[in-house]
Amino acid sequence: MRMTSIFGKTLREEPAEAETASHRLLLKSGMIRQVASGIYSYLPLAWRSLRKIENIIRQEMDAVGGQEVRMPALHPRELWDETGRAEAMGQTLFTLQDRRERPLVMAPTHEEVFTLMVKANVHSYRDLPRILYQIQTKFRDEARPRGGLLRVREFDMKDAYSFDVDAEGLARSYDAMVQVYKNIYSRCGLPAVQAEADSGAIGGKDSHEFILPAESGEDVLLLCPGCGYAANAERAESVKSVQAEEALLPMSEVHTPGVKTIDDVAAFLGVSKSNTLKAVFYACDGQVVFITIRGDLDVNEIKLKNLLHCKELRLATDGEVEGAGLVAGSASAVGLKGIRSVADDSIKLGANFVVGANRPDYHLLGANYPRDFEPDVIADIALAQEGHDCRRCGTPLEAKRGIEVGHVFKLGTFFSESLGASYLDNDGAQQPIVMGSYGIGVGRLLSAAIEQNHDQKGIVFPKAIAPYQVQLVALNVENPQVAEAAEDLYQRLEQAGLEVLYDDRSETAGVKFNDADLLGFPVRIVVSPRNLNQGSAEVKLRRESEAQLVGLEDVVGKAKELLEAD
RNA sequence: CGGGGUGUAGCGCAGUUGGUAGCGCGCUACGUUCGGGGCGUAGAGGUCGCCGGUUCGAGUCCGGCCACCCCGACCA
């Protein structure tokens, strides 16, 4: 392709809208164009890269026996009502009506239609296992699209679904898919970390996310440098310190005028925060829930939401707290009646806690579980944080922001049971099909790859996903010798099967070099009067600063060699 | 949905007390220059986000709306 022919232009000035590196570089290089919030057009360079990513995904999926299919993006809403997901997805689901006012949805994912298709085509254990996938457009009305292609409302996604006879089969499919994902990231130049993830209210038991550490990411990853444990902060567990054993003291009241927060209580009474219990009030589908957690810890709302099985969880309003007869700032579960009470298991790790006295300006000393209070449920609902110790090896955990570049779920039988997808086992008994689901966003992978691979001057494309492999730069194209040599080289490079973008514009050297650095193809070849005087051209990798002079006849070989070694 | 910000040429921006809209980049033509965004001359390019109001007159003042960006909440 010639630079004078290609559709799309690089920008000289920084796009004002873009803050994250990949967004800025995608706009500046003229690869994408925004149409509306979270909706983008892809120009030829971006599209070539996206197709390369898709093909890598196809190759890896096919290698484990995945079969590519194609599902509709438009679904009848009743299908989503049947599994309850229309309600669960809420406003994220794009909905519309057809001319007869029948409700439809623009599909955000495809568990339902895949399950139905399998229901129609799988009847026996002999038809299993299967792994099906598609690469197709998804629609999600995200509350806040951001970061260019990082979070958008319309995007191409590879979604795969596994269908097995039992949990053991699912485990095999799941492991195979995990390996597929690792291969994909490695080929795309992404050091993604496999992390334990929350599977959501409808997901099954096991779930992992693949997270690329990056400042621009939206997720928080907790990593153990000691043993490699990695988990999304939504789900991570950590060691809660254990207080030294001490004899139980009787409860006694203490006057604490104006003291409300845990910090104030600990400071006023001269105790550590882990010697206090904190009361937090949530509204779970409108019902006030009383949470008790040790003062040094915070509530993980995802864990709490999963525990309570509620659709909507939020902090209770002041009105709701008062209405429930609770005293904010001096509340505790001691003597609590008529309100659902949940506690973090940290209440067992210590004794003689300071708690609220349930009347303003007073606290209680020497509160002990279960002598003085007994919550309805005790579970791990604490937020793991940086500096907490790893559950497995005790090393302090590190926190990193990251981009979720893939998510795998063990779904179990939720969808097969709600939609009636079953098979006959070899005893002739009906069994629900056991499912897994696996997703990768193609555009997010591209932007993540750029987040990971760029420098001050521009993109440094990993070779497998670069729109072109070679940028051929001719300086002084008006010079007939340069034009002739560059044309000849261009032909020979293409004949050798290399993908070349030939910069045949009459621009100055600075413009061309800056554009070459911005676009960031792996190999740059420079033809100029200076090089031609030595019968040579210059060959250089984008990620290296030093070029080498190579005889014109050897340039094609050198370019191939560099690409293979890269 | 809460908080903050921005809408003027393809991109980046200026526009004073209200008086018929400007700069840089890019684009077109010509000339010059030629190894890291060179220079000159001449051009083309605008419903000033939208609607309403005030006024002789609104990019500018007032009211309403819309869009986009950032932080947070949310995210099967």
Side-chain angles (χ1 to χ4, degrees), chain A residues 8-20 23-24 27-30 33-40 80 83-94 105 107-112 138-148 150-153 157 159 197-204 207 209 216 218-219 232 234 301-302 305-306 311-315 404 407 409 411 414-415 418 437 439 441 444 456-458 473-479 482 503 505-518 524 526-533 537-538 540 545 547 549:
Chain A
K9 288 202 181 310
T10 58
L11 304 177
R12 294 213 181 167
E13 312 226 21
E14 299 291 329
E17 299 283 75
E19 305 229 337
T20 60
H23 188 198
R24 184 170 50 77
L27 286 171
K28 195 172 185 219
S29 59
R33 170 105 194 165
Q34 187 180 41
V35 173
S37 180
I39 303 177
Y40 286 87
W80 285 76
T83 55
R85 289 217 296 174
E87 194 184 355
M89 299 266 326
Q91 289 190 296
T92 304
L93 193 63
F94 271 112
V105 311
T109 172
H110 281 72
E111 280 80 5
E112 280 83 357
K138 308 295 182 212
F139 300 88
R140 299 182 187 183
D141 195 0
E142 297 287 351
R144 187 158 90 84
R146 59 174 293 276
L150 283 176
R151 178 168 293 274
V152 290
R153 298 193 292 169
M157 174 171 161
D159 48 322
D198 175 57
S199 52
I202 291 178
S207 175
E209 284 173 347
S216 55
E218 301 173 280
D219 289 279
N232 191 310
E234 292 176 351
E301 293 189 10
I302 305 277
K305 191 173 175 183
N306 290 341
K311 293 192 182 76
E312 189 212 32
L313 182 75
R314 56 174 170 78
L315 284 170
E404 179 192 338
H407 200 160
F409 293 88
L411 294 175
F414 177 83
F415 290 96
S418 30
S437 126
R444 185 181 283 182
Q456 287 289 337
K457 295 172 172 175
V473 176
L475 299 184
N476 298 41
V477 275
E478 295 81 1
N479 178 324
V482 169
D503 191 347
R505 299 173 299 173
S506 359
E507 291 285 357
T508 57
V511 172
K512 294 190 168 197
F513 288 148
N514 280 308
D515 274 347
D517 288 340
L518 174 63
R524 189 187 76 185
V526 178
V527 176
S528 72
R530 199 167 86 184
N531 295 338
L532 283 180
N533 282 341
E538 203 173 286
K540 164 182 155 343
S545 52
L549 268 183

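All chains are named by letter (A, B, ...) in the order of the sequence lines, taking the proteins before the strands, and each is independently numbered beginning at 1.
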Give me, pair by pair, the N or O atoms of the protein and of nucleotides 23-30 of chain B that are less than 3.5 Å apart, along with how far apart they are.
| unit_1 | atom_1 | unit_2 | atom_2 | d |
| --- | --- | --- | --- | --- |
| B:rG24 | N2 | A:E13 | OE2 | 2.6 |
| B:rG26 | OP1 | A:R12 | NH1 | 2.5 |

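- Contact annotation: the side chain of A:T109 approaches that of A:R85 to within less than 4.5 Å [non-hydrogen atoms, C-beta and beyond].
- Mapping A:D219 and A:E538 onto RNA chain B by nearest heavy atom places A:E538 at the nucleotide closer to the 5' end.
- Pairing for B:rG72 is with B:rC1, a Watson-Crick or G-U wobble pair whose two hydrogen-bonding atom distances lie under 3.5 Å.
- Rounded to whole Å, the separation between the C1' atoms of B:rC61 and B:rC48 comes to 16 Å.
- Within the 4.0 angstrom heavy-atom criterion, only backbone atoms of the sugar-phosphate kind lie near A:E14; the bases stay farther away.
- B:rG12 sits 33 Å from B:rC74 when the P atoms are compared, rounded to a whole Å.
- If you take atom C1' in B:rC23 and the same atom in B:rG4, they sit 29 Å apart, rounded to whole Å.
- A distance of about 34 Å separates the P atoms of B:rU17 and B:rG2, rounded to the whole Å.
- Interface remark: the A:N476 side chain does not form any donor-acceptor pair with the B:rG35 base, using a distance-only criterion of under 3.5 Å.
- When the P atom of B:rC75 is taken as reference, atom CD of A:E404 falls 13 Å away, rounded to whole Å.
- Here B:rG35 presents its C1' atom at 14 Å from CD of A:E478, a figure rounded to the nearest Å.
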Pairs under 3.5 angstrom, nitrogen or oxygen only, protein versus nucleotides 6-8 of chain B, please.
none

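- What separates CD of A:E234 from C1' of B:rC75 is a distance of 9 Å, to the nearest Å.
- When the shell of 6.0 Å around CD of A:E14 is examined, it contains more than 12 heavy atoms from other residues, nucleotides or ligands.
- For A:R12, the side-chain contact (heavy atoms from CB on, under 4.5 Å) partners two or more places apart in sequence, or in a different chain, are A:E507, A:V511.
- Rounded to whole Å, atom P of B:rG12 lies 12 Å from atom NZ of A:K28.
- Summarising the base pairing, B:rG43 is matched to B:rC27 through a Watson-Crick or G-U wobble pair whose two defining distances lie under 3.5 Å.
- The nearest heavy atom of RNA chain B to A:M157 and to A:V511 marks one nucleotide each, and the one closer to the 5' end goes with A:V511.
- A:R524 comes within contact range of at least one nucleobase, with a heavy-atom separation under 4.0 Å.
- For B:rG57 and B:rG40, the C1' atoms lie 41 Å apart once the distance is rounded to whole Å.
- Pair assignment for B:rA67 gives B:rU6, based on Watson-Crick or G-U wobble hydrogen-bonding distances that are each under 3.5 Å.
- A:D515 comes within 4.0 angstrom of a base, heavy atoms only.
- B:rG59 makes up no base pair with any nucleotide shown, lacking Watson-Crick or G-U wobble contacts both under 3.5 Å.
- Considering only heavy atoms from C-beta on, A:V482 stays 4.5 Å or farther from A:L475 through its side chain.
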- Task: Quick one, give me the B/S/- string for nucleotides 68-74 of chain B, reading 5' to 3', where B means a protein heavy atom under 4.0 Å from the base and S means that only happens at the primed atoms, P, OP1 or OP2.
- Result: SSBBBBB

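- For the salt bridge (Lys or Arg N to Asp or Glu O under 4.0 Å) test, residues two or more places apart in sequence or in another chain that qualify with A:E218 are A:R146, A:R151.
- Going from atom CG of A:L27 over to atom C1' of B:rG12 covers 13 Å, rounded to whole Å.
- Look at the C1' atom in both B:rG37 and B:rG15: the space between them is 28 Å, to the nearest Å.
- A:S29 meets the side-chain hydrogen bond (donor to acceptor under 3.5 Å, both in side chains) test with no other residue; sequence neighbours excluded.
- Taking atom C1' in both B:rG26 and B:rG45, one finds a spacing of 12 Å when rounded to whole Å.
- Look at the P atom in both B:rU8 and B:rU60: the space between them is 14 Å, to the nearest Å.
- What separates CZ of A:R24 from C1' of B:rG12 is a distance of 15 Å, to the nearest Å.
- Rounded to a whole Å, the CG atom of A:L549 is 15 Å from the P atom of B:rG35.
- Counting to the nearest Å, the C1' atom of B:rC75 and the CD atom of A:E209 are 11 Å from each other.
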